[in-house]
Student: 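This is the structure I want to talk about, given as structure tokens.
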Amino acid sequence: MRRPFVWLFMLCKRLFKKPGFIAVLAILILLTAAATFLSSGDGGIISVAVFAEDPSEAASHEVITTLTEKKSVVRFIRCSSEEEAVDEVISGRADTAWLFPADLGDRLERFPIDGKPVMRSISRENSVYVMLAAEKLHTALYPRLSFSIFEKFMDKKFDETDDALLERYYSDSYVYGDLVGIEFAGGETSDEPEEYLLSPLRGMLAVAVSLTSAASVMYFFIDRDKGTFAWIPVRKQIYVQLASVIIPTVITGAVALAAIKASGLFTSFAVEAASALLFCVDCALFSILLGRICGSALRLGAVIPAVMLAEIALSPVFLNIESFKFVSYLLPPYHYLTAVYRPFAMINMIIYAAVGGALCLLTRKRA
């Protein structure tokens, strides 16, 4: 303890000899690389098999082009026959199949009169993915359908049937623009679709940092039980434990921060660095207190998977669930993922660290 810098250096050096620590760092890098690679490609989370009886038919061509030309959560599989499209669904390679008839345009024109389906969709089950994909299909079909409704209205009310004139009237009345303007919490706006495969990446990296922190407490318990820290007074072992947990957590946090920068999710250096540092401190204190409750490496190891699942479910990694807010407030990733996009929320992270630090000192009879 007389040479703290040498002791800290040896502690860091010792970390890189632990396979578990190296594995977590490797997971951070691989996770970022995989998410970045997938987001740069097709990357759809919903697969749709598409078959058109007559690909050159105007309505089918227009709808299919509208659906496939933009990057989205739907991945389209072009099929050369109806049987192939259905087989894609049966085999599980596609969530649903869309079958475009050769007379789609005529069916859309008749729909305001007879109300009959204009095409077929074949699925194994009516899942959330199928319904989400159907919304995109309805959006692509509606412009053609709305013109047909307009055409029938003009014919009935004004006896106007000239196609060229109707198209001019319709196009002149068309309003271009977004009905809803999407902004980020920091006040920025976006004209580009969000990288939906990258959006959960920050949350998964945060959970990995939290895992490192909890695992570090386990390593400390193992070393303590071996008598490694027997020469240090029990009441002072809290400082050794803090160093043993904060150092690997900060190293992992730095790697996670570099991964966020590489993935393109970086906001600003000041906000990212401050929130990441506070997050590492919060994680370390949370894990130490969790270790105090468990009391041993064995019990802590049994609890860690449940805690990680809670952090994924109750922090805004994939979804922001409001039902268990009180539990969410106890989890460090929740505050970190909130503070990155709302810097004022860092005050909550500071309060969390202050309360956690006080509790650690008050319960330091046995580290």
Student: Verify, without hydrogens or angle tests, whether S210 (side chain) and A206 (backbone) share a donor-acceptor contact under 3.5 angstrom.
Tutor: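 No.
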Student: Taking the side chain as C-beta and beyond, is there a heavy-atom pair between P333 and F279 under 4.5 Å?
Tutor: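 SC-SC contact between P333 and F279 confirmed.
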Student: With side chains defined as the heavy atoms from C-beta onward, is the minimum distance between L257 and E272 less than 4.5 Å?
Tutor: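 With C-beta onward as the side chain, the pair touches.
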Student: Is there side-chain contact between M218 and I304, with at least one heavy-atom pair below 4.5 Å?
Tutor: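 M218 reaches I304 side chain to side chain.
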Student: Quick one: does D95's side chain get under 4.5 Å of V48's, heavy atoms only?
Tutor: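 Result no, sub-4.5 Å side-chain heavy-atom pair not found.
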Student: Do L67 and F51 sit in one hydrophobic cluster, given that two such residues count as connected whenever their side-chain heavy atoms are within less than 4.5 Å of each other, even indirectly?
Tutor: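 Per the 4.5 Å side-chain linkage, L67 and F51 are not co-clustered.
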Student: Does S263 reach the main-chain N or O of I260 with its side chain, forming a donor-acceptor pair under 3.5 Å?
Tutor: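 Here the side-chain-to-backbone pair exists.
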Student: Tell me whether E82 is salt-bridged to R120, with the criterion being a basic N under 4.0 Å from an acidic carboxylate O.
Tutor: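 So E82 pairs with R120 through a salt bridge.
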Student: Which atoms form the tightest heavy-atom contact between T96 and I122, and what is the distance?
Tutor: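 Smallest interatomic distance, heavy atoms only, reads OG1-O, 3.1 Å.
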Student: Does S244 reach the side chain of V240, with side-chain heavy atoms less than 4.5 Å apart?
Tutor: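 The answer is yes, as the side chains (C-beta and beyond) meet within the 4.5 Å cut-off.
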Student: Check for me, please, whether I293 and L242 land in the same ILVMFWY cluster - side-chain distances under 4.5 Å, paths through other members count.
Tutor: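 Hydrophobic grouping puts I293 apart from L242.
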Student: Quick check: does any side chain N or O of Y352 sit under 3.5 Å from a backbone N or O of F286, one acting as donor and the other as acceptor?
Tutor: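 Absent.
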Student: Looking only at atom types and distance, does a side-chain atom of E53 sit under 3.5 Å from a main-chain N or O of P101, one as donor and one as acceptor?
Tutor: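 Flag not set: sc E53 to bb P101 has no pair under 3.5 Å.
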Student: Where the side chain of R202 meets the backbone of L265, is there a donor-acceptor pair that is under 3.5 Å apart?
Tutor: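 Side chain of R202 to backbone of L265, a donor-acceptor pair under 3.5 Å: yes, one is there.
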Student: Are I22 and I251 connected in the hydrophobic side-chain network, where two residues link if heavy atoms are under 4.5 Å apart?
Tutor: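 Linked, I22 and I251 end up in one cluster.
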Student: Side chains of M349 and Y336: does their closest heavy-atom pair fall under 4.5 Å?
Tutor: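 When only atoms from C-beta onward are counted, Y336 and M349 do touch, with a gap below 4.5 Å.
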Student: Determine yes or no for a side-chain-to-main-chain donor-acceptor pair under 3.5 angstrom, with E88 supplying the side chain and A49 the backbone.
Tutor: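 Not confirmed, E88 side chain does not pair with A49 backbone.
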Student: Kindly write out the residues that satisfy ring-ring contact (aromatic ring centres under 6.0 Å, His included) with Y329, not counting sequence neighbours, or none if the list is empty.
Tutor: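 Per chain and number, Y329 pairs via ring-ring contact (aromatic ring centres under 6.0 Å, His included) with Y334.
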Student: Donor-acceptor pair, distance only, cut-off 3.5 Å: does the side chain of S328 make one with the backbone of L314?
Tutor: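 The answer is yes, because a donor-acceptor pair under 3.5 Å joins these two groups.
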Student: Under the salt bridge (charged side-chain N to carboxylate O under 4.0 Å, His left out) rule, collect the residues that match up with D87, sequence neighbours excluded.
Tutor: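 Testing D87 for salt bridge (charged side-chain N to carboxylate O under 4.0 Å, His left out), a comparison that skips the adjacent residues, returns R93.
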Student: Do the side chain of E57 and the main chain of G105 share a donor and acceptor less than 3.5 angstrom apart?
Tutor: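 Present.
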Student: Run the salt-bridge test on E84 and R78 with the 4.0 Å N-O cut-off and return the result as yes or no.
Tutor: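 No, this pair does not count.
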Student: In this structure, would L99 and L108 fall into the same cluster of hydrophobic residues linked by side-chain contacts under 4.5 Å?
Tutor: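 L99 does not cluster with L108.
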Student: What are the two closest heavy atoms between S315 and L337, and how far apart are they?
Tutor: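 The answer is CB-CD1, 4.2 Å.
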Student: Would V89 and V50 show up in the same hydrophobic cluster when neighbours are defined by side-chain heavy atoms closer than 4.5 Å?
Tutor: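 No, because V89 and V50 fall into different hydrophobic clusters, even though each may have its own neighbours under 4.5 Å.
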Student: Do the non-hydrogen side-chain atoms of I351 and I347 ever get within less than 4.5 Å of each other?
Tutor: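 The answer is yes, as the side chains (C-beta and beyond) meet within the 4.5 Å cut-off.
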Student: Judged by atom type as modelled, is there a donor-acceptor pair below 3.5 Å linking the side chain of S287 to the main-chain atoms of A284?
Tutor: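 Checked: no pair found.
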Student: Set out, in order, the CA-CA distance, both residues' side-chain angles and the distance that settles side chain to side chain contact (heavy atoms under 4.5 Å, CB included) for F111 and K116, then state yes or no.
Tutor: CA-CA 6 Å; F111 183 80; K116 294 181 179 179; 5.7 Å; no
Student: So M204 and V317, side chain to side chain contact (heavy atoms under 4.5 Å, CB included) or not? Walk me through it.
Tutor: CA-CA 7 Å; M204 296 303 294; V317 176; 3.8 Å; yes
Student: Could you go step by step and tell me if T32 and K261 meet the side chain to side chain contact (heavy atoms under 4.5 Å, CB included) rule?
Tutor: CA-CA 10 Å; T32 306; K261 176 67 175 177; over 6 Å; no
Student: I'd like to know whether V130 forms a side chain to side chain contact (heavy atoms under 4.5 Å, CB included) with I46, so could you lay out the CA-CA distance, the side-chain angles of the two residues, the decisive distance to 0.1 Å, and finally the verdict.
Tutor: CA-CA 8 Å; V130 172; I46 306 169; over 6 Å; no
Student: So does L298 have more than 12 non-hydrogen atoms from other groups sitting under 6.0 Å from CG?
Tutor: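 Count not over threshold, so no.
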Student: Is there a side-chain contact between L278 and H335, using heavy atoms and a 4.5 Å cut-off?
Tutor: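 SC-SC contact between L278 and H335 ruled out.
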Student: Answer yes or no: is there a donor N or O on one side and an acceptor on the other, between the side chain of S213 and the main chain of C283, under 3.5 Å?
Tutor: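 At least one qualifying donor-acceptor pair exists.
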